[in-house]
Structures are given as structure tokens and as C-alpha cells.
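Here the structure is laid out as C-alpha cells; the discussion comes afterwards.
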Number of protein chains: 2
Amino acid sequence: MAARKLLVDIHTHVYLPRYASFLRSRDVAPRIFSRTTPTGKTEERLLILDNEPSGGRPIGPQYWDRDEKLKFMDRHGINVSIISSANPWLDFLPAPTAHKLAGELNEDLESYCSTSPSISETGTTIKRLYGFGLLPLVPNISTTALLEIVDQISRLPHLKGIIMGTKGIGNGLDDDALEPLWAAIARANLVVFLHPHYGVDSSAWGDKDNGHVLPLALGFPFETTTATTRLILSGVFDRHPDLRILLAHSGGTLPQLSSRLASCVDHDPVVASRLQHDARYYLGKLYFDAVAYGSEELGFVSDVIGRAERFSSPTASADASKGLGFEKRVIGSSRMLFGTDHPFFPPLKESDQWKSVVENLEAIDGVDGWGDSEKDAVRGGNAVRVFGLESA
Amino acid sequence: MAARKLLVDIHTHVYLPRYASFLRSRDVAPRIFSRTTPTGKTEERLLILDNEPSGGRPIGPQYWDRDEKLKFMDRHGINVSIISSANPWLDFLPAPTAHKLAGELNEDLESYCSTSPSISETGTTIKRLYGFGLLPLVPNISTTALLEIVDQISRLPHLKGIIMGTKGIGNGLDDDALEPLWAAIARANLVVFLHPHYGVDSSAWGDKDNGHVLPLALGFPFETTTATTRLILSGVFDRHPDLRILLAHSGGTLPQLSSRLASCVDHDPVVASRLQHDARYYLGKLYFDAVAYGSEELGFVSDVIGRAERFSSPTASADASKGLGFEKRVIGSSRMLFGTDHPFFPPLKESDQWKSVVENLEAIDGVDGWGDSEKDAVRGGNAVRVFGLESA
């Protein structure tokens with residue numbers, strides 16, 4: 001199979017030109033503003049959240065210019081990227097604006113991808129770029145409007161899924177009002193890429209100046225973990241077993257907390273009675289990017305995916321996975337997908353290689369118990385299968 | 001060595017009778033109150049936090065009666081327990097009250113332990129019970145008062161460490177004002193047992209009724225992770241390399257986030273310049289309880305401990321641990337210690353065995369790459385060494 005050894009980046013962001021212009025027109029966060037540096041240069045900065053440390057971060061063409069994306073891909077040997085809009089998406093907009101802009105940005109992204117070159121391998125029609133569309137997930141949006149945009153995305157051939165934050169239409173992803181949405185997404189066979197934005201209340205970070213380290217290193221993964229756990233507890237995966245959700249940053253911290261979660265559920269008969277399986281089972285229904293920067297982390301995430309089937313009983317015990325050994329890791333590797341988080345985490349110095357990319361590739365290469373075929377799958381084969389790229 | 005195969009529980013709580021009486025005298029949380037159940041029985045309930053789900057939880061003699069603790073230990077084959085006061089300790093008290101009560105409770109705990117029976121093995125003077133003392137870590141306490149209580153604890157022969165929450169004297173554990181405290185604790189060779197209480201802002205949990213599941217399964221580990229990360233970033237472990245800190249619940253989520261943390265630090269020159277080592281290095285300076293309810297979790301935690309030495313360079317790369325294989329797990333096992341979280345997580349039905357205990361023992365038994373000697377060490381040998389029980 002020609003596509004088997006592709007390097008596919010499934011976690012790579014863009015602010016489409018229309019969106020970047022929109023951010024420039026705003027005077028409260030999220031916004032892009034210009035300022036003069038101490039050396040007299042003009043620079044643009046991105047402020048995602050109010051009160052962000054260091055007055056936001058520098059932003060440049062790598063955030064919106066497709067040529068920069070392709071150059072980055074070429075530089076790192078990335079054959080295909082599945083592009084998603086970066087946070088905060090449309091979360092901050094009134095419903096009519098969010099609805100209109102979602103439709104336009106989805107068309108923009110389709111065109112960004114469909115006019116990209118094909119990969120150079122012969123015998124395939126695979127493009128260099130595919131995308132995750134956007135939904136107008138904001139308060140007061142109608143279900144009809146949401147389903148209309150799901151339908152739009154499902155008809156745009158280069159959009160393979162939907163990137164989604166954790167707020168839903170204001171009450172989180174465990175909101176009963178989202179039931180028709182999950183059904184429609186599952187029916188359309190779109191992959192939801194669940195991505196954090198808000199972190200947790202910043203009072204947790206204390207008074208010391210640690211730059212963006214605490215909200216990024218801890219807050220983001222906490223948010224993804226909480227959202228996914230609330231989804232599990234709401235029974236969404238029991239009601240929609242075909243729903244495909246891909247978790248950013250290797251699931252945040254859900255893997256390390258999954259047995260603790262199972263134990264806490266087990267000790268609460270009301271919550272336990274709502275679920276068909278032990279909490280650990282649901283991790284085997286999810287997909288995880290491989291953006292964790294360490295081999296031990298990736299090996300562990302694949303362990304918890306690989307053991308999941310053994311926990312299908314609602315009253316499983318800790319030793320259900322005993323004896324599986326590295327078999328868990330081999331099973332789990334089929335649901336892990338390489339990503340880079342580009343254009344975030346740029347190198348500090350001019351450099352050919354982005355350390356974030358190099359480290360995530362090194363991490364895959366170093367996982368004990370993964371052979372070449374598992375590593376190839378995580379680097380690209382899984383993405384080709386999960387996103388149906390060969391039939392695109 | 002006689003003590004080698006002991007089962008030692010290092011995560012087991014008490015509300016000492018003096019403390020329980022104090023909680024009964026209060027009419028705001030934390031407090032113990034009586035209520036009449038629908039069937040006409042009187043029950044006592046513990047309310048730890050305001051707005052706690054389900055109006056708190058039932059509480060009974062297993063929280064304060066030493067005979068109940070010993071009965072629980074006998075029932076589960078636990079030879080020795082290292083007892084700690086349960087949260088919220090003295091956090092909610094004015095400084096003079098906290099100071100006085102800390103001194104009294106430390107004496108109470110010393111007596112609780114010193115009058116306990118010895119273990120039945122011959123040729124040893126090991127008792128069944130040891131303890132972690134309490135410090136009056138509250139706003140406006142003087143450093144002198146804190147150091148006085150550290151000195152008290154170090155002179156009470158059955159107290160082997162200090163249990164500590166995450167607030168410090170109001171500004172968290174990365175507060176410069178705590179420097180003399182860390183120095184004194186390290187000098188006294190006491191082990192700090194770092195334990196959560198506050199979780200994170202409850203707005204994260206949404207509107208659905210999930211009982212205590214989200215704050216316990218997620219909030220507690222997030223809090224421990226944040227506190228430990230802030231300690232690492234403040235350079236405490238560079239300045240006090242002999243400080244011994246034991247993390248509750250297997251370090252929360254710090255192991256799974258440690259390479260991400262290292263990457264975030266690496267991309268922030270200001271934060272990076274403050275640290276002598278890659279962030280992953282510091283996990284090898286810590287101790288972790290084995291209260292994670294799953295074999296894969298324990299194996300992974302021991303992996304990140306075992307790889308730590310390879311990350312001593314401040315600019316280590318993801319592949320530094322390559323080739324270590326299961327050797328990581330063997331190294332890491334020396335810093336993991338069995339615990340039960342008793343008397344929390346009681347069985348739902350009358351049962352001889354507590355599921356939380358059984359699962360944590362099963363989890364140890366099922367770790368791939370641990371042989372009998374590593375499992376014996378985690379079950380008790382490490383505790384004997386770390387707490388110096390044989391020389392007690």
C-alpha cells in the first residue's frame with residue numbers, strides 16, 4: 001500500500017486569512033494587534049485570552065500563509081497535514097455571526113486543501129492538505145443551524161472532521177441539547193478533534209511569573225481531561241458507539257486517571273448505574289494524538305487503549321488486563337496519530353528543525369514494544385485509515 | 001531482613017478524636033454534623049467543603065477509633081500503617097489556634113502510634129503504627145512557629161514525616177517565605193506527604209450530578225500536579241536536593257505531563273534559565289504512593305521515575321531514555337509505596353475486603369517488568385527504608 005509510510009500530521013493549526021482579518025478588527029481578546037518593539041520594529045501579536053501572560057505572543061505568516069505551512073511540512077518530511085483552525089474558534093461570537101463565519105471558513109478551508117498539491121507518490125490521489133471544519137458552537141445557536149453546518153462539512157470532500165472546544169453551546173459537551181449533534185456527526189462519519197482552549201481557573205497558577213508554562217503544560221490537558229470525562233459519564237459513548245473522537249495532546253491526563261476514575265465511579269452507585277461499562281472501557285473507543293513529547297507517555301497511552309476491551313464489564317477489576325504485556329501496546333497503537341501542534345511552539349533560534357516536531361518523532365521511535373509497523377501506523381498509516389484519505 | 005515482606009500502608013488517614021470533636025463544634029465547613037435519616041436513624045456526616053455534593057458523606061468510628069484502624073489492617077494483612085490526618089488539616093484556622101492545635105495533635109498522634117502493638121515478627125521493634133505530623137500552615141503564622149513544630153515532630157519518635165496540603169501559608173508551596181521550612185524539613189530528614197484538598201474551581205464540573213466523582217477523580221490529582229509543578233519551577237529541588245516529598249495518588253497527573261512540561265519550559269528561556277535540569281529530572285527526586293488502581297498506571301509512573309536520571313541535562317531530548325526498556329521500571333519501583341486511602345472509599349456493601357485495597361494490591365501484582373523483589377519493595381520494603389522503620 002503506497003500510503004503506508006506517509007508522515008501525516010493530524011494536529012496542525014491555521015488562522016485562515018478571513019479569521020486573522022477578523023481578529024485584527026477587534027479591540028478585545030481574542031485579537032491580533034500591532035506594536036512597536038524596543039528596537040523600533042513593528043510586530044503583530046496574538047492575544048488569545050484576556051490577562052494572558054507576556055501580552056500574548058508574536059504571530060506571523062506561519063499562522064495563515066499556506067506556503068509557510070507547506071514549507072514547514074517539506075522541512076520536516078511531513079507528507080500530509082490535516083489542518084484545523086486554532087483556538088478560540090468561534091466561541092466568543094454571537095450566534096448569527098458565528099453561524100455565518102463557520103460556513104465561510106469551512107468553504108475557505110476546503111479551498112485551502114483542494115487546491116493544494118498531491119503527494120508525490122504515484123498511484124494515489126492523496127493531497128498534501130485536508131481539514132477539520134468548524135461548527136458555530138455558541139450559546140443560543142439553534143440545533144438546525146448546527147446540523148446544517150455538519151451537513152455542509154460532510155459535503156466538502158477535503159474536510160474530514162470537525163475541530164471542537166469544550167464549551168459546547170455554553171454548558172459543556174455533556175449537555176443533553178447536543179444529542180442530535182453527536183448523532184449527526186457519527187452518521188456523517190466525521191472525526192471530532194477535541195481541543196482545549198480555556199484551561200482551568202488561573203488562580204491555580206499562583207503569583208510567580210512562569211510565562212505560559214502552567215496554563216499550557218497543565219491547564220490545557222486538564223481541560224481536555226475534564227471534557228472527555230464528562231462525555232464518558234454522560235453516556236454519550238454508550239448511546240453513540242460509532243462516534244469517533246480524537247483527543248488533543250494524547251488525551252491530556254485521562255489515561256493516567258482512568259483507573260482512579262473507574263474506582264470513583266464504582267464507589268458511586270448513582271453514576272455507575274448510568275454506564276454500560278467500566279470507565280476504562282471507553283478509552284478504547286477514543287483516538288489520541290501522539291503529541292506528548294515522550295516515549296514513555298506514548299507507550300502508556302497505548303497501554304490504556306489496548307487494555308480497554310478487557311474492561312467491558314461494568315464491574316471489572318484492576319487485574320483484568322493482567323498477562324497482556326506488550327500486546328496492549330500493539331493494540332493501542334492503532335488509535336494513536338502523529339501531530340506537531342504547528343505553528344505553536346516555534347524554535348527559539350533560527351533552525352531547520354522544530355524541536356517540538358523532532359521530539360514527537362523521537363518519542364514515537366523510542367516506544368518499547370512498538371515494532372516498525374506500529375511506528376509507521378502512528379506516523380501516518382492510522383491517519384490514512386481513520387480519515388479515509390485513500391478514498392478521498 | 002525480617003521486614004522485607006511487610007505490607008506497609010503509607011496512605012491512610014485519621015481524624016484524631018481531638019480534631020473530630022473540634023469539627024463537631026463548628027457550624028460551617030469543615031464540620032461534622034448529625035442528622036436523622038429517612039428511616040429514623042441518627043447518623044453523623046462529614047462536610048469537608050462548602051457546597052459539597054450530596055451534603056457531604058457519612059462518617060463513623062473508622063475515622064477516629066484506633067481499634068477500627070487495626071481491625072481494618074488485620075482484615076487486609078497490613079502489617080504497618082503510617083497514619084496521616086485527613087484534609088483539610090488546619091488550613092481553615094486562625095494562626096494562634098492552628099499553632100496550638102498542631103502541637104496538641106502531634107502529641108496525640110505520637111501517643112496513638114507509640115502505644116500501638118509491635119508487629120508479630122521476631123527480632124524487630126517495628127510498631128504497627130507510625131505517623132505524619134501536622135504543621136500550622138496558615139496565613140500570618142510566623143516562620144518561628146513553623147520551625148518550632150518541625151522541631152517538635154522531629155523529636156517525636158513515631159512521627160516520620162509531615163502531611164501537607166498545597167496552600168502553604170496562603171500563596172502556595174512556591175512561596176519564597178517557605179525556604180527556611182524546606183531547609184528545616186530536609187535537615188530533620190522528615191518526609192513530606194503532599195496531599196490535595198481543594199481540587200480546582202468547581203465551575204469545571206458542569207451542571208450534571210456526578211456526585212463526588214469529578215472532584216475526587218480529577219480535581220484532587222490536578223491540585224497535586226499543579227502544586228508539585230510549581231515547586232519544581234520555583235527551584236526548590238535544586239536548592240534542597242535532600243528534600244523528600246511523597247506525592248499522593250501516584251503524583252496525580254505529573255508523570256503523564258512531565259515531557260510536555262519539559263517542552264513548555266524548553267520553549268520559555270526565562271523559566272528554563274531558572275532550572276538546573278530538564279523538568280523530567282525532578283520526578284526522580286520524588287516519591288509516589290501506589291494509589292492509582294491500575295497496573296499500567298503504576299508501571300508508567302515507575303518508568304518516569306526510572307528515566308529521570310537520563311534527563312539531568314537542562315537541554316535533554318525525548319530520546320534520552322531510549323534503550324532503557326524495563327530497566328526504567330525496576331529503578332522507578334524503589335520510589336513507589338503502597339497505600340489504601342482508608343477510611344475513604346468504603347465498600348458499598350458489608351464486605352470483608354475493601355475494593356480500593358484489593359485493587360491497589362492487584363495493580364502492584366500486575367505490573368509488567370516488576371519481579372517479586374520490586375513488588376515486595378513497593379508493598380512494604382521501600383516504606384521500611386524511606387521511613388527508617390527498623391531503626392525506630
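This one's a predicted model, so the numbers in the text were calculated from it and none came from an experiment. Chain naming here is simple, since letters A, B, ... match the order of the sequence lines and numbering starts at 1 in each.
Your options are S295(A), S321(A), G369(A), and the one with the most heavy-atom pairs under 4.5 Å with chain B is S321(A). Looking only at heavy-atom pairs under 4.5 Å with chain B, the residue among D207(A), T225(A), V213(A) that has the most is V213(A). Interface remark: of the candidates G219(A), A292(A), A320(A), P347(A), A292(A) forms the most heavy-atom pairs closer than 4.5 Å to chain B. When V291(B), D303(B), N210(B), V367(B) are compared by the number of non-hydrogen pairs under 4.5 Å with chain A, N210(B) comes out ahead. Looking only at heavy-atom pairs under 4.5 Å with chain B, the residue among S203(A), G252(A), S234(A), A262(A) that has the most is G252(A). Interface remark: of the candidates F326(B), F300(B), W205(B), F300(B) forms the most heavy-atom pairs closer than 4.5 Å to chain A. Per-residue heavy-atom pair counts under 4.5 Å with chain B were compared for E297(A), R274(A), K208(A), K322(A), and the maximum is reached by E297(A). Heavy-atom pairs under 4.5 Å with chain A were tallied for V265(B), L233(B), D209(B); the largest tally goes to L233(B). Heavy-atom pairs under 4.5 Å with chain A peak, among L324(B), V301(B), D365(B), V200(B), at D365(B). If you tally non-hydrogen atom pairs under 4.5 Å between each of G251(B), G294(B), G211(B), C264(B) and chain A, the highest count goes to C264(B). With respect to chain B, the highest number of heavy-atom pairs below 4.5 Å among S263(A), A363(A), A279(A) belongs to S263(A).
Heavy-atom distances place the side chain of L214(B), and not its backbone, under 4.5 Å from chain A. Only the backbone of H212(B) has a heavy atom closer than 4.5 Å to any heavy atom of chain A. Within the 4.5 angstrom heavy-atom criterion, atoms from both the backbone and the side chain of D266(B) approach chain A. Proximity to chain B (any heavy atom under 4.5 Å) is shown, for L261(A), by both the backbone and the side chain. Contacts between P255(A) and chain B at a heavy-atom distance below 4.5 Å involve backbone atoms as well as side-chain atoms. Contact annotation for L216(A): both backbone and side-chain heavy atoms come within less than 4.5 Å of a heavy atom of chain B. Looking at L254(B), the atoms closer than 4.5 Å to chain A (heavy atoms on both sides) all sit in the backbone: N, CA, C or O. Interface remark: R329(B) contributes side-chain atoms only to the contact with chain A (heavy atom separation under 4.5 Å). Looking at Y198(B), there are no atoms closer than 4.5 Å to chain A (heavy atoms on both sides), in backbone or side chain. In this structure, the portion of V271(B) lying under 4.5 Å from any heavy atom of chain A is its side chain and not its backbone. Heavy atoms closer than 4.5 Å to chain B are found in the backbone of A316(A), but not in its side chain. Residue contact with chain A, scored on non-hydrogen atoms closer than 4.5 Å, involves the side chain of L257(B) exclusively.
Side-chain contact, R307(B) with S259(B): a donor N or O sits under 3.5 Å from an acceptor N or O. If you check the side chains of H195(B) and H11(B), you find a donor sitting under 3.5 Å from an acceptor.
Atom CG of L275(B) is separated from atom OH of Y282(B) by 4.5 Å, given to the nearest 0.5 angstrom. A distance of 6.5 Å separates CZ in F220(B) from NE2 in H249(B), rounded to the nearest 0.5 Å. Here the CD1 atom belonging to I232(A) is positioned 5.5 Å from the CG atom belonging to L283(A), to the nearest 0.5 angstrom. Of the inter-residue distances, the one linking R379(B) atom CZ with F338(B) atom CZ reads 9.5 Å to the nearest 0.5 angstrom. Between R280(A) atom CZ and E309(A) atom CD the span is 14.0 Å, to the nearest 0.5 Å. Atom CD of E359(B) is separated from atom CH2 of W354(B) by 14.5 Å, given to the nearest 0.5 angstrom.
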Candidate pair T228(B) and L194(B), rule side chain to side chain contact (heavy atoms under 4.5 Å, CB included), full reasoning: CA-CA 9 Å; T228(B) 311; L194(B) 183 58; 3.5 Å; yes

Worked verdict on T340(B) versus F345(B) for side chain to side chain contact (heavy atoms under 4.5 Å, CB included): CA-CA 9 Å; T340(B) 65; F345(B) 300 97; over 6 Å; no

Give the C-alpha distance, both sets of side-chain angles, the deciding distance and a yes or no for side chain to side chain contact (heavy atoms under 4.5 Å, CB included) between H277(A) and D238(A). CA-CA 8 Å; H277(A) 306 280; D238(A) 289 326; 3.5 Å; yes

Quick one: do S356(B) and Y293(B) satisfy side chain to side chain contact (heavy atoms under 4.5 Å, CB included)? Show the steps, please. CA-CA 7 Å; S356(B) 57; Y293(B) 306 90; 4.0 Å; yes

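Of residues 166-177 of chain B, those residues lying under 4.5 Å from chain A by any heavy-atom pair are N171(B), D174(B), D176(B).
Inter-residue side-chain proximity for P269(A) and L348(B) is flagged as met; some heavy-atom pair is nearer than 4.5 Å. L298(A) has its side chain within reach of W370(A): a pair of non-hydrogen atoms, C-beta onward, lies under 4.5 Å apart.
Of all non-hydrogen atoms in T253(B) and Q256(A), the two that sit nearest each other are CA-OE1, 3.3 Å.
Aromatic rings from F311(B) and Y281(B) are positioned such that their centres are separated by 6.0 Å or more.
For D368(B) and K328(A), the salt-bridge test passes: some basic side-chain N is under 4.0 Å from an acidic carboxylate O.
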